[in-house]
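Shown next, in structure tokens, is the structure this report addresses.
Sequence positions, counted from 1, serve as the residue numbers for this chain. Side-chain atoms are counted along with the backbone in the values below, which use heavy atoms only and exclude waters and symmetry mates.
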Amino acid sequence: MALTRKNALFAGHEVGAENWALLASVFATCRLSDVNPVAYIAETLQAILNGHPHSRVEELMPWNFRKASSSNG
């Protein structure tokens, strides 16, 4: 992702760089799926906190986000 080249240099630590890469990957996947990344992350974290079962993790993927969120409201 060209937008993060300079910012990624300032991750400060290997773990920071790994976290940066993870977040950039989630953001890019949301954009490819035409999903608002902030809304996706907020609702996904809320679902996890509410006890979403591990066996249904596929429902939390960005490409399924619109289907799940549109049926809820």
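- V35 and L45 fall within a single hydrophobic cluster, where Ile, Leu, Val, Met, Phe, Trp and Tyr side chains are chained together by heavy-atom contacts under 4.5 Å.
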Could you go through the side chain to side chain contact (heavy atoms under 4.5 Å, CB included) check for T29 and Y40 one step at a time?
CA-CA 11 Å; T29 303; Y40 168 74; over 6 Å; no

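- N19 meets the side-chain contact (heavy atoms from CB on, under 4.5 Å) test with V15; sequence neighbours excluded.
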Check step by step if side chain to side chain contact (heavy atoms under 4.5 Å, CB included) holds for E58 and W63.
CA-CA 9 Å; E58 184 68 25; W63 48 88; 3.1 Å; yes

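- Atom CG in N50 sits 11.0 Å away from atom CD in E43 (nearest 0.5 Å).
- One finds the CD1 atom of I41 at 6.0 Å from the SG atom of C30 (value rounded to the nearest 0.5 Å).
- The line from CE of M61 to OG1 of T44 is 8.0 Å long, rounded to the nearest 0.5 Å.
- When all heavy atoms are compared, the tightest approach of V57 to H52 is N-NE2, 4.4 Å.
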